[in-house]
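The next block holds one structure in the form of structure tokens; read it before the comments.
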Amino acid sequence: MKKVILFLIDSMMPDVLERCIAANQAPGMRFLLDEGQYIPDCVTVFPTMTASIDCSLISGVYPDRHKVPGLVWYDPREKKMINYINGSMPVQRIGIAHCARNVLFDLNERHLSREVKTIHEVLEENKLVSGSINVIAHRGHKQHKIDLPPALEALTGFQLKEKKVSGPTIMSLGTLVRPGIFRPIVWNFAQTALDSYGINDKHAIDVLIEVIKSGKQPHFTLVYLPDNDHKLHKSPQDAIQHLADVDRQLVRFLDSYDSWEQVLERNVIILISDHGQTLIGESEEHNIHLEQLLFDLVIHRLGTDVTEADDVIICNNERMSFLYPVGNCTTEKIVEAVSVDARIDLIAWKEGSQVVVRRGGSRQELRFWRDGEYRDIYQVSWGMRGERDILDIDVQAGQIHFDTYPDAFSRLYGALFSQEASVVAVTAAPGYQFISEVSPSHLGGGSHGSLHKQDSLIPLVIAGASQPFAVPARLVDVKSFILQELQVFQDATLVPL
Ligand SMILES: [Zn+2]
């Protein structure tokens with residue numbers, strides 16, 4: 001049986017991939033495309049932010065089931081804002097102390113629902129070995145020690161007993177967690193923030209090559225390559241060059257075999273992205289200042305306790321934001337406050353078991369719910385009422401087709417029902433992003449987070465597989481595809497709802 005290696009390339013976009021190959025800048029990716037299947041319009045998860053997407057990739061379900069709503073969200077039970085630092089924010093940002101615990105421990109051990117199983121858990125329950133290199137969502141059945149650099153240790157105040165995270169048998173998290181098969185000091189680079197603690201493409205490929213050479217290659221390995229995202233945020237005009245850099249790392253892996261053909265004789269190779277990016281305009285009006293829109297309400301200040309006096313908590317995910325009414329504030333007040341701004345693309349909230357959606361600058365509404373008279377192209381059943389144009393929905397012979405907002409119903413439902421709390425989700429129109437207290441600005445650069453197809457359609461490349469990937473393709477279907485390639489047919493997560 002072949003092994004499976006899945007490369008998760010942050011912010012890889014189909015048009016950039018195609019242009020990069022056409023310009024002869026990506027020989028490794030060209031080889032895999034020529035030898036395999038290329039799907040340019042695979043649909044990812046909403047919000048289009050790495051944390052919730054990674055959880056869907058390893059669990060095979062949308063956030064309503066895995067319960068990790070986004071990169072930044074609010075936990076009403078603990079009255080705390082959750083913020084996972086990931087590839088979209090440089091790890092050296094000042095938030096590391098505040099957020100390291102969320103990303104290193106809480107994401108996997110507390111937030112990711114125990115009702116779902118990760119691909120690592122399923123594989124290892126089926127007597128296969130699984131591996132995860134630099135992926136922030138990595139829950140598995142083995143415990144791994146975290147080597148926090150002393151400075152980070154002091155900042156985060158980690159207790160000794162908590163200095164373990166779970167993962168598959170082979171696990172690497174930069175320099176913080178290293179595969180047990182290695183001698184203690186194999187890697188000769190500074191354990192510093194400047195190297196993002198080893199959460200970078202070169203380190204990930206180094207670890208992968210070393211694991212394969214050791215003879216301990218897991219049946220499945222998930223490898224996260226973050227560099228493309230950082231670079232695209234800053235200079236989207238150099239997108240082809242950034243992806244060519246990723247290809248150079250991929251070629252280092254391919255070259256570690258006797259031939260590239262041998263790679264595919266021994267492995268199924270999958271390339272996928274987590275989300276796209278949208279170009280943000282250069283002028284200040286492209287920043288949608290949420291605090292100005294919500295000026296009538298008391299906005300919770302970052303870093304302070306949530307009190308009775310607060311009305312709204314802003315959890316900013318770049319081109320989308322979660323807005324939580326607290327205290328005496330209501331969903332309606334927030335919806336009305338943001339409805340006036342036409343730079344806001346979509347406004348969505350829950351009413352009972354239904355989702356209601358508006359466009360910014362309008363009061364027309366579309367509402368939808370599970371189990372109705374229509375089916376979407378993914379065979380999910382929905383009822384709906386209202387203005388279909390809001391989500392650019394086309395119904396042909398009772399079947400719902402999406403265009404501008406791919407898989408809109410399941411993805412909006414997934415984000416809103418990932419929590420019981422009342423919450424309003426807003427997305428920014430193309431060219432715009434949300435700004436709130438201490439959030440990054442990307443004027444003239446790239447950003448993501450929204451439901452729009454520019455942020456949501458990702459390339460999927462599969463080479464060396466025994467079967468084609470079924471289309472229309474979604475990121476949440478990758479898990480079951482890999483399990484089938486590894487001849488595992490028991491996945492308790494995927495019992496039909
Ligand atoms: Zn990003």
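One-based numbering along the sequence shown. Counting starts at 1 for both ligands and their atoms, in listed order.
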Distance under 6.0 Å and angle within 45° of ring axis: Lys453 vs Tyr405: no
N, O or S atom within His233 nearest to the Zn ion (ligand 1), by name: NE2
Under 2.8 Å from the Zn ion (ligand 1) - does any N, O or S atom of [X] fall there?
{"X": "His275", "value": "no"}
{"X": "His230", "value": "no"}
{"X": "Asp229", "value": "yes"}

Side-chain donor-acceptor pair present, His203, Asn134, cut-off under 3.5 Å: no
No-hydrogen, no-angle side-chain donor-acceptor test under 3.5 Å, His448 and Asp274: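 Looking only at side-chain atoms, Asp274 and His448 do not form any donor-acceptor pair under 3.5 Å.
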More than 12 heavy atoms of other groups within 6.0 Å of Gln237 CD: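 Buried by this count: over 12 neighbours within 6.0 Å.
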